[in-house]
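Everything numeric in this text was worked out from a predicted model, so none of it was measured.
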Amino acid sequence: MLYLVENKIIIMIGIPGVGKTTLLSKIVEILKNHKKNVNIISFGSLMFEVAKENGLTDRDELRKLPLSEQQRLQKVTAEKIASYTEEIIIIDTHAFINSPEGYYSGLPEHVLKIIKPTNFVSVSAKPEEIYNRRMKDNTRHRDKITLANIKKELDIQSGMISACAVITGAPVRHVLNGEGKVEEAAVKIVNAIGL
Ligand code: ATP
Ligand code: MG
């Protein structure tokens with residue numbers, strides 16, 4: 001029996017500082033070497049572009065907007081993503097966002113139904129490593145960083161991504177981005193998804 005090769009829309013999630021963007025640059029390098037065409041989308045950056053059209057100036061202010069406004073921006077962003085047609089699309093995003101009212105989903109059901117992902121990749125690392133990576137990176141206005149908070153966020157991540165798996169039926173590949181092992185983690189992802 002013949003099956004058509006389907007386009008891949010991969011959603012990569014992980015808490016801030018776990019190394020998603022770093023991993024994705026490595027994945028792009030590998031795929032370019034194999035002459036594969038890939039479009040990497042940072043959900044947060046695209047959402048910020050949309051928000052800028054509405055007057056916002058600081059990316060880290062996004063998560064402080066009224067929740068209903070953030071949810072509206074999420075939907076507009078998802079619709080933009082759904083219009084892309086590349087063979088491989090990888091979305092760099094968060095499974096949840098820390099807002100003053102509490103954690104809310106980065107991938108609520110209505111957004112997943114617009115994007116229609118084929119795969120999820122959930123990136124994690126040791127809490128101590130994530131802590132150090134956040135401390136190193138001073139280009140961002142991060143929320144207060146404690147080891148206890150990072151552990152709690154990793155817990156919430158696992159619940160949120162399970163919900164995504166149930167809603168969409170798409171598989172979730174869990175990947176550990178160990179210290180100094182970006183290449184190893186990137187190769188695992190490429191092989192697991194068959195990119
Ligand atoms: P955010 O959600 O805030 O965008 P992120 O998950 O994209 O965060 P990165 O910006 O990729 O995280 O990485 C955060 C920091 O951790 C960077 O300084 C990066 O160089 C470092 N880092 C990422 N992966 C590793 C690794 N495997 N070993 C050591 N350092 C790493
Ligand atoms: Mg990033």
Side-chain angles (χ1 to χ4, degrees), residues 10-31 38 40-52 56-67 69-71 73-74 77 90-108 111 119-164 172-190 192:
I10 301 149
I11 298 187
M12 180 184 277
I13 62 103
I15 65 173
V18 75
K20 299 176 294 298
T21 307
T22 311
L23 260 176
L24 278 171
S25 339
K26 185 48 85 178
I27 290 174
V28 168
E29 200 183 303
I30 297 171
L31 294 180
V38 56
I40 304 287
I41 299 156
S42 160
F43 196 101
S45 304
L46 196 57
M47 190 164 148
F48 180 43
E49 289 305 312
V50 177
K52 274 203 285 198
L56 200 82
T57 51
D58 179 354
R59 184 192 166 114
D60 288 302
E61 289 297 315
L62 253 184
R63 65 179 182 277
K64 293 170 191 157
L65 290 174
L67 202 51
E69 178 58 10
Q70 293 188 48
Q71 285 162 340
L73 293 170
Q74 264 183 330
T77 307
I90 311 181
I91 302 157
D92 176 346
T93 191
H94 299 111
F96 64 91
I97 294 94
N98 194 2
S99 87
E101 287 176 60
Y103 299 117
Y104 76 95
S105 174
L107 300 162
V111 163
N119 300 76
F120 291 100
V121 175
S122 174
V123 185
S124 64
K126 287 189 185 145
E128 295 74 14
E129 292 172 355
I130 298 173
Y131 179 89
N132 291 332
R133 290 174 198 171
R134 284 192 194 175
M135 296 304 274
K136 231 175 26 186
D137 175 7
N138 50 21
T139 63
R140 304 291 304 274
H141 307 287
R142 299 208 186 266
D143 296 323
K144 186 166 163 271
I145 305 166
T146 68
L147 207 52
N149 254 335
I150 290 173
K151 287 181 182 161
K152 187 165 142 204
E153 286 177 13
L154 286 171
D155 249 18
I156 293 165
Q157 165 171 332
S158 101
M160 290 283 190
I161 196 65
S162 298
C164 292
V172 182
R173 175 73 197 207
H174 291 268
V175 175
L176 195 71
N177 178 26
E179 195 62 17
K181 298 202 168 146
V182 177
E183 173 134 26
E184 196 177 297
V187 167
K188 263 190 197 149
I189 294 166
V190 168

(message) Testing the basics here: between Ser42 and Ser45, what is the closest heavy-atom pair and its distance to 0.1 Å?
(response) OG-OG, 2.9 Å
(request) Search all heavy atoms of Tyr131 against all heavy atoms of Leu147 and return the closest pair with its distance. (result) CB-CD1, 4.0 Å
(request) List in chain and number order the residues that pass side chain to side chain contact (heavy atoms under 4.5 Å, CB included) with Pro66, two or more places apart in sequence or in another chain; answer none if no residue qualifies. (result) Ser68, Glu69
(request) State whether a side-chain donor-acceptor pair under 3.5 Å links Gln71 with Tyr104. (result) no
(request) Rounded to the nearest 0.5 Å, what's the gap from NZ on Lys152 to CG on Asp155? Could you check? (result) 10.0 Å
(request) Using modelled atom types only, decide if a donor and an acceptor are shared between the side chain of Lys20 and the backbone of Asp92 within a distance under 3.5 Å. (result) no
(message) Minimum heavy-atom separation for Gln74 and Leu107, please, with both atom names.
(response) NE2-N, 4.5 Å
(message) Do Met135 and Ile145 have side chains that approach each other closer than 4.5 Å (heavy atoms only, starting at C-beta)?
(response) yes
(message) Tell me every residue that passes ring pair (Phe, Tyr, Trp, His ring centres under 6.0 Å) with Phe96, counting only those two or more places apart in sequence or in another chain.
(response) Tyr103
(request) Looking only at non-hydrogen atoms, find the nearest pair between Leu65 and Gln70 and report the distance. (result) O-NE2, 2.7 Å
(request) Considering non-hydrogen atoms only, spot the tightest contact between Ala51 and Leu73 and give its length. (result) CB-CD1, 3.9 Å
Side chains of residues 23-30: which donor-acceptor pairs under 3.5 Å do they make with residues two or more places apart or in other chains?
| unit_1 | atom_1 | unit_2 | atom_2 | d |
| --- | --- | --- | --- | --- |
| Ser25 | OG | Thr21 | O | 2.9 |
| Ser25 | OG | Thr22 | O | 3.4 |
| Lys26 | NZ | Glu29 | OE2 | 3.4 |

(message) Tell me the closest heavy-atom pair linking Leu67 and Ser99, and the distance in Å.
(response) CD1-OG, 4.4 Å
(message) Return the CD1 to OG1 distance between Ile13 and Thr93, rounded to the nearest 0.5 Å.
(response) 9.0 Å
Under 3.5 Å, sequence neighbours excluded: what are the donor-acceptor pairs made by side chains of residues 173-184?
| unit_1 | atom_1 | unit_2 | atom_2 | d |
| --- | --- | --- | --- | --- |
| Asn177 | ND2 | Val18 | O | 2.8 |
| Glu179 | OE1 | Arg133 | NE | 3.2 |
| Glu179 | OE1 | Arg133 | NH2 | 2.8 |

(request) Please list, chain by chain and in numerical order, all residues satisfying side chain to side chain contact (heavy atoms under 4.5 Å, CB included) with Asp58, sequence neighbours excluded. (result) Asp60, Glu61, His141
(request) Not counting sequence neighbours, which residues clear side chain to side chain donor-acceptor pair (under 3.5 Å) with Glu153? List them please. (result) Arg134
(request) Report the distance from atom CG of Leu62 to atom CE of Met47, rounding to the nearest 0.5 Å. (result) 5.0 Å
(message) Let me confirm one number: the CD1-CG distance from Ile10 to Asn119, rounded to the nearest 0.5 Å.
(response) 5.5 Å
(message) Just to verify, what does Ser122 make a side chain to side chain donor-acceptor pair (under 3.5 Å) with, not counting sequence neighbours?
(response) Gln157
(message) Taking side chain to side chain contact (heavy atoms under 4.5 Å, CB included) as the definition, give me every residue that meets it alongside Glu49, ordered by chain and number, with sequence neighbours left out.
(response) Lys52
(message) Working to the nearest 0.5 angstrom, can you tell me the gap between Asn149 CG and Leu154 CG?
(response) 11.0 Å
